[in-house]
Amino acid sequence: MSLLQMHYTSAPPGPDGSGFRFTAVSPGVPHAVLREAEQLVGYEPPRDAPARPTDDELGAFPEMFGFTRLSDGSGLLSRTVYTGADYSGRWGNFHAHALLVPAGEPLPGDLPPIALWGAAEWADRSPEGGAPPPLERLTPGLPGGLGATLTAFAAAAGPRLAALLADLRRLAEDPRAPQVVLAEQDSRDVAHWLIVACAALPRDAARNLTFTTYTRRPQHARQQVVGVRPEDARAVTGQPHRYAVHDRSDPHAAPPATDDVWALTAAAVWAAGASALFASARDLPGAGPFAAGPLAALALAGGVPVPAGAVAEAARWAAAHPRALDEAALEAFLRAVCEEGRPGALAPDALADLLAAFRGTVPLAVTAPVTARLVAAAVHDRAATPPPLPPGALPEPYRTRLTGELGEPVRAGIATPTTPLRRVGGLLSTARALGVEHEDLLPGLAERLCRRVLDRAGAGADSVRDVPDVLAGSEPLRVRFLDLLETRAADDPTAVARALRAVPLPLDGPGDGDRAHLRLCAAAVEPEPGTENRTVVLRELRRAAGLDGGPPTPMVLRTALALVWPDRTQTAAEAAALLDHGAALHQAAGTWNDLVAAAIEAPASDPDAPLLAKRLLAEGVEALGRSVVADLKLLSLVHALQHPDGDPSVPHGGLVHRVQGLSHNARPAVQKRASHALALLLLRPRRPAEELKAFAESNDPNLIDAYDKAARSPVLTDFLAAPHRVADCYVAWTSHERVGPLWELTRTGLLEEVLRPVVRRLPDDQIRAAAELVARQAPSRRAAFEEWCRPAGGMKQLFRRFGGGRKPDKAQEPPWGDVRPPREGGR
């Protein structure tokens with residue numbers, strides 16, 4: 001691009017007059033620009049400047065170099081130097097060389113204006129030959145060795161540079177921000193401030209920054225940054241709302257403070273001589289204007305110390321752009337953020353978030369510094385849990401260093417009983433990853449976990465929720481733990497089953513198929529009260545545990561029964577089904593006594609108990625305890641009494657004496673059941689006659705009382721309306737008179753209180769039928785029966801009801817058997 005030139009100085013008398021004026025101007029410069037530029041390029045020497053300086057003194061005068069935005073949006077880049085005293089006036093003579101930068105156009109090379117300070121094209125006198133042509137090029141020409149000078153300058157500036165950068169940032173973000181005033185004895189130092197600042201500023205901010213390196217009257221300056229000598233800064237001092245004054249002339253004055261992380265970071269980068277990082281940071285993704293993160297990340301990767309707040313900014317940026325740095329730079333950056341003692345060092349939580357951001361995007365070896373720092377911090381913090389360590393997460397030399405540093409703390413944490421389970425799991429993972437010996441600690445840990453599961457399972461899964469994670473992380477520990485739990489399952493299966501329902505433990509693995517007790521406990525469900533027959537539940541349990549392929553071993557059978565019948569109270573039907581496995585198996589399992597108890601402790605209403613007792617006796621009396629043999633024999637006799645026609649083992653005589661004999665050593669409940677069964681048998685139409693006689697003569701209060709209660713039961717009285725039952729009961733209750741007082745009292749009571757009320761309600765034809773049946777069973781008692789049926793006082797017809805009497809329900813079967821009349825010749 002072409003830049004129109006303007007030269008302004010004090011011209012000698014001539015055709016165009018004398019005094020200060022534009023002496024050479026490129027064609028095309030508007031007059032309005034000339035009028036405005038004339039107000040900007042004028043030079044006023046310092047107050048203490050010599051009136052007639054020598055050549056050496058002349059070089060010490062300030063150079064006024066600046067960039068100003070004109071009213072039409074164009075830019076004026078100018079350099080004004082003092083040329084000495086002459087006829088021009090009391091201020092002497094000066095020469096200004098200015099260039100017009102079109103609005104919206106950048107400078108050649110897209111450079112910031114301050115970069116052209118010292119360019120070779122700047123002239124100290126007006127060109128000869130009239131109007132100069134537009135300038136086609138402008139070559140940056142900073143003095144040699146200026147880089148080292150700037151670095152030293154920035155390092156010496158220290159916090160003042162950060163404060164200046166913060167003020168320049170405010171100017172870039174808000175045009176109404178205070179002007180920046182740089183008070184320096186030498187205008188070259190003002191230029192150094194600007195060069196340093198513009199190197200750090202974003203490109204647009206540096207391109208558009210207006211400034212002048214020198215003026216005598218800062219209150220009249222229009223530029224954003226104004227350079228003055230210290231004595232002239234007093235005119236704007238004390239007005240912080242308008243001017244941000246930076247004056248180094250007072251060595252005792254404290255530098256302005258700032259908390260701007262970007263400004264502090266940029267100052268640190270300059271102080272370290274790493275100004276090349278500014279250009280590199282601008283090209284990174286996410287490097288918005290004044291973003292501290294990218295610059296701080298590059299600085300940390302290059303070993304440049306940064307302020308405390310910049311470390312977190314760098315970490316946040318790196319997490320958001322995990323692939324922005326190459327692997328070498330990223331690893332160096334991560335080593336830096338993990339360095340202990342560094343100001344602003346990241347806490348473990350922040351490091352964990354940073355590591356999570358890189359997971360799956362960069363190789364594990366690159367993030368090893370963060371992993372190592374997290375592991376070390378978590379091991380030393382007794383309340384923390386070491387992170388999981390996938391293979392390759394800790395390559396050398398990190399692994400060797402951590403093994404030496406963390407070996408003992410890791411072992412101590414695993415062995416301490418009070419260590420939280422979540423931390424134990426992390427320590428086990430760390431021990432495996434670092435190769436720390438810990439196998440000797442596993443038996444004690446397995447025992448601790450087993451106690452924890454069994455002791456707290458009743459409180460819910462929350463109290464042991466970390467046990468599965470601990471076990472899943474160590475196969476040797478899992479095997480030891482399950483072996484212990486298998487032993488507990490054989491001893492107390494209900495407790496283990498309750499624990500497994502509360503805590504989902506990892507039971508599947510190599511060799512787990514041999515733990516039959518544990519598999520049963522894992523397959524067991526909460527027993528449901530009221531289940532009719534739990535043998536079905538037992539079969540389902542064995543199937544779910546994979547143990548239904550053959551007969552169980554004694555110990556496995558015991559475990560299964562304890563899970564299905566935790567109260568150890570099978571019903572007689574359930575015990576009978578379990579007996580199918582064989583007495584020897586139950587005897588070996590220790591469950592034999594439960595089957596016996598199911599028989600002798602069954603309620604009187606349980607119809608299966610007598611047959612179960614018979615089956616138990618069939619297995620051999622030697623397998624039974626002496627205390628229960630009488631109970632079982634008496635129960636077995638109950639079965640015979642209940643099935644006299646279908647049981648070939650029913651004896652043909654002596655039933656009463658057998659019941660009496662066995663009852664002496666039997667339990668009261670079994671005695672009562674046997675007495676009731678004998679009473680029902682003797683109330684049958686086909687009862688053994690000799691047994692009724694033996695019964696009457698026994699004078700046994702238990703037997704006779706059971707007979708009396710059975711005869712008075714509603715079921716019997718409902719069926720007494722049948723003539724054959726009236727005849728049968730009359731014959732029985734008039735037999736064996738005066739053989740014993742108890743029988744005598746009972747039979748007369750039954751005749752008067754049970755049979756007579758029924759007879760009084762019978763019609764004449766049924767009374768006659770009953771008399772005929774009495775005559776068949778006992779011919780000599782017919783007359784007595786008819787007399788017994790006649791009401792007292794001869795008022796028989798008054799009490800006789802005509803019509804049919806109440807007939808028994810044929811669908812109902814009384815408990816003592818058939819109610820039909822006996823056939824001819826029957827008993």
Checking the side chain of [X] only, and the main-chain atoms of [Y] only, is there a donor and an acceptor separated by less than 3.5 Å?
X	Y	value
Tyr43	Thr215	no
Ser26	Pro132	yes
Asn93	Gly84	no
His95	Ser126	yes
Gln179	Ala244	no
Trp317	Pro285	yes

Please determine whether salt bridge (charged side-chain N to carboxylate O under 4.0 Å, His left out) holds for the pair Glu339 and Arg335, giving the CA-CA distance in whole Å, both sets of side-chain angles, and the decisive distance to 0.1 Å. CA-CA 6 Å; Glu339 184 179 336; Arg335 280 199 304 270; over 6 Å; no
Considering only NZ, NE, NH1 and NH2 on the basic side and carboxylate oxygens on the acidic side, decide whether [X] and [Y] come within less than 4.0 Å.
X	Y	result
Arg316	Glu313	yes
Arg169	Glu173	yes
Arg248	Glu184	yes
Glu63	Arg79	yes
Arg203	Asp283	yes

Has [X] got more than 12 heavy atoms of other residues, nucleotides or ligands less than 6.0 Å from its [atom1]?
X	atom1	value
Arg242	CZ	no
Glu128	CD	no
Asp110	CG	yes
Arg282	CZ	yes

Consider only side-chain N and O atoms of [X] and [Y], and report whether a donor and an acceptor are under 3.5 Å apart.
X	Y	result
Asp260	Thr258	no
Asp72	Ser74	yes
Glu121	Thr139	yes

Give me the ring orientation class for Phe211 and Phe67: parallel if the planes are under 30° apart, tilted from 30 to 60°, perpendicular past 60°. tilted
Check the orientation of Trp270 and Phe278. Use parallel for under 30°, tilted for 30 to 60°, and perpendicular for over 60°. tilted
What residue among Ile114, Leu138, Thr68, Leu3 forms side-chain contact (heavy atoms from CB on, under 4.5 Å) with Leu77? Leu138
Sole candidate of Leu168, Leu171, Val180 that passes side-chain contact (heavy atoms from CB on, under 4.5 Å) when paired with Gln224: Leu171
Check the pair Tyr398, Val375 against side-chain contact (heavy atoms from CB on, under 4.5 Å), reporting the backbone distance first and the verdict last. CA-CA 11 Å; Tyr398 300 100; Val375 171; over 6 Å; no
Aromatic ring proximity, centroids under 6.0 angstrom, Phe94 and Phe20: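 Yes, the ring of Phe20 comes within the 6.0 Å limit of the ring of Phe94, centre to centre.
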Taking the six-membered ring where the residue is Trp, are the ring centres of Phe22 and Tyr8 under 6.0 Å apart?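 Ring-ring flag for Phe22/Tyr8: true, centres closer than 6.0 Å.
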So His31 and Glu36, side chain to side chain donor-acceptor pair (under 3.5 Å) or not? Walk me through it. CA-CA 9 Å; His31 290 288; Glu36 190 173 359; over 6 Å; no
Evaluate the criterion salt bridge (charged side-chain N to carboxylate O under 4.0 Å, His left out) for residue pair Arg229 and Asp232; output intermediate values, then yes/no. CA-CA 5 Å; Arg229 289 171 63 105; Asp232 296 327; 5.5 Å; no
Report the C-alpha distance between Glu44 and Arg217 in whole Å, list the side-chain angles of each, state the deciding distance to 0.1 Å, and finish with yes or no for salt bridge (charged side-chain N to carboxylate O under 4.0 Å, His left out). CA-CA 9 Å; Glu44 187 176 0; Arg217 304 182 187 281; 2.9 Å; yes
